[in-house]
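Right, one structure below, let's go through it.
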Amino acid sequence: MTEKELWKEFVAKNNIDGCEYEAWSFGAEADSLAKLVVNGEKTATASAYSLYELENAPLPKVGEYNIILDSKDEAVCITQTKKVYVTPFHAVTAEHAYKEGEGDKSLAFWRKVHEDFFTECLAEVNLKFSPDMQVVCEEFEVVYKS
């Protein structure tokens, strides 16, 4: 199902008018991470704050809707943002790591995977990873599945 088809179905069933959404896929492993979201195991994500700054993009906002896409740009679900905060990478908590739902859900796993991911993403724009770098942490819940 396309993002537009899923959104049309969602707003019709929930009598929602005037809302907008963002559609995106998780960078590293779009299919497996989307599946974790649909299954309720992944209720959080994190991104590099410096990439928002570089693109002059607004941070996610509480209440926003997001359509999660798989690697083929097919819509798998709609989430709604429940919490957003910015914190240094080294201060991300075990609770947040668990909510991200990846691997063994430990903070050690989260740090390893995210350090590698952020290092790669930042290198593409000539920036470097640092444990002191700011991270945008977002928590969400699934409000509709395809």
Side-chain angles (χ1 to χ4, degrees), residues 1-103 105 107 109-111 113-122 124-125 127-146:
M1 179 177 291
T2 70
E3 68 183 71
K4 289 180 182 179
E5 291 168 336
L6 184 63
W7 184 252
K8 184 177 178 181
E9 193 176 284
F10 172 69
V11 297
K13 286 187 177 180
N14 292 282
N15 199 23
I16 294 174
D17 191 27
C19 287
E20 295 189 14
Y21 66 88
E22 294 287 328
W24 47 272
S25 59
F26 290 98
E29 299 172 9
D31 292 336
S32 62
L33 296 178
K35 185 176 180 180
L36 289 174
V37 172
V38 169
N39 292 340
E41 293 179 62
K42 182 173 182 59
T43 60
T45 192
S47 49
Y49 180 79
S50 56
L51 297 178
Y52 286 93
E53 283 185 316
L54 192 64
E55 296 173 10
N56 200 26
L59 295 181
K61 291 182 179 67
V62 171
E64 286 182 333
Y65 292 103
N66 294 284
I67 296 181
I68 306 302
L69 306 173
D70 64 16
S71 63
K72 297 176 185 136
D73 287 335
E74 291 289 321
V76 298
C77 67
I78 299 174
T79 64
Q80 187 174 35
T81 302
K82 296 299 180 182
K83 183 177 182 181
V84 179
Y85 58 97
V86 178
T87 191
F89 179 89
H90 66 78
V92 170
T93 65
E95 178 185 11
H96 182 84
Y98 183 85
K99 288 178 180 180
E100 287 222 18
E102 300 171 41
K105 300 182 184 180
L107 182 57
F109 180 88
W110 184 92
R111 284 186 174 153
V113 168
H114 284 78
E115 180 176 341
D116 293 347
F117 179 70
F118 290 149
T119 297
E120 185 178 314
C121 290
L122 292 169
E124 292 175 10
V125 292
L127 295 173
K128 292 188 186 284
F129 170 83
S130 164
D132 295 324
M133 68 178 259
Q134 296 294 304
V135 174
V136 179
C137 295
E138 179 180 354
E139 296 180 19
F140 53 83
E141 70 178 26
V142 173
V143 294
Y144 196 75
K145 298 177 188 180
S146 61

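- When only modelled atom types and interatomic distance are considered, Glu138 and Thr45 share no side-chain donor-acceptor pair under 3.5 Å.
- Looking at Ser25, its side chain never comes within 3.5 Å of a backbone N or O of Leu69 through a donor-acceptor pair.
- Remark: the backbone N or O of Thr81 is not paired with any side-chain donor or acceptor of Glu64 at under 3.5 angstrom.
- Proximity of a side-chain donor or acceptor of Lys13 to a complementary backbone N or O of Asn15 within less than 3.5 Å is not detected.
- Using a 4.0 Å cut-off between charged nitrogen and carboxylate oxygen, Glu100 and Lys105 do not count as a salt-bridge pair.
- Looking at Val136 and Pro60, their side chains come closer than 4.5 Å, going by heavy atoms from C-beta outward.
- Using modelled atom types, no side-chain atom of Asn66 and backbone atom of Ala23 make a donor-acceptor pair closer than 3.5 Å.
- Atom OG in Ser47 sits 10.5 Å away from atom CZ in Phe26 (nearest 0.5 Å).
- Within the model, atoms CD of Gln80 and OH of Tyr144 stand 15.0 Å from one another, a figure rounded to the nearest 0.5 Å.
- Between the side chains of Glu22 and Tyr65, no donor-acceptor pair of N or O atoms lies under 3.5 Å.
- No more than 12 heavy atoms of other residues, nucleotides or ligands lie within 6.0 Å of OH in Tyr98, so this atom counts as exposed by the packing criterion.
- A salt bridge links Lys99 with Glu139: the closest approach of a Lys/Arg side-chain nitrogen to an acidic carboxylate oxygen falls below 4.0 angstrom.
- Counting heavy atoms from C-beta outward, Ile68 and Trp24 have side chains that approach closer than 4.5 Å.
- Taking CE of Met133 as the reference point, atom CZ of Phe129 lies at 6.0 Å (rounded to 0.5 Å).
- Using cut-offs of 30° and 60° on the angle between ring planes, the pair Tyr85 and His96 is perpendicular.
- Rounding to the nearest 0.5 Å gives a distance of 10.0 Å between NZ of Lys82 and OG1 of Thr79.
- With contacts defined as side-chain heavy-atom distances shorter than 4.5 Å, the pair Cys137/Val92 qualifies.
- The aromatic ring centroids of Trp110 and Phe117 lie 6.0 Å or more from each other.
- The CD atom of Glu3 sits 10.0 Å away from atom CD1 of Ile78, with the distance rounded to the nearest 0.5 Å.
- In this structure a side-chain-to-backbone donor-acceptor pair under 3.5 Å is missing from Asn39 to Glu41.
- With hydrogens and angles disregarded, a donor-acceptor distance shorter than 3.5 Å links the side chain of Arg111 to the backbone of His90.
- Looking only at distances, a side-chain donor or acceptor of Lys145 sits under 3.5 Å from a matching main-chain atom of Val38.
- Nearest heavy atoms, Lys42 versus Phe140: O-CE1, 3.3 Å.
- Between Phe10 and Trp7, the two ring planes are tilted [angle within 30° to 60°].
- In this structure, the separation between CG on Leu127 and CG on Leu54 is 6.0 Å, given to the nearest 0.5 Å.
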Output, in order, the C-alpha distance, side-chain angles, deciding distance and verdict of side-chain contact (heavy atoms from CB on, under 4.5 Å) for Val37 and Val142. CA-CA 7 Å; Val37 172; Val142 173; 3.6 Å; yes
List the steps and the verdict of side-chain contact (heavy atoms from CB on, under 4.5 Å) for Leu122 and Leu51. CA-CA 8 Å; Leu122 292 169; Leu51 297 178; 4.0 Å; yes
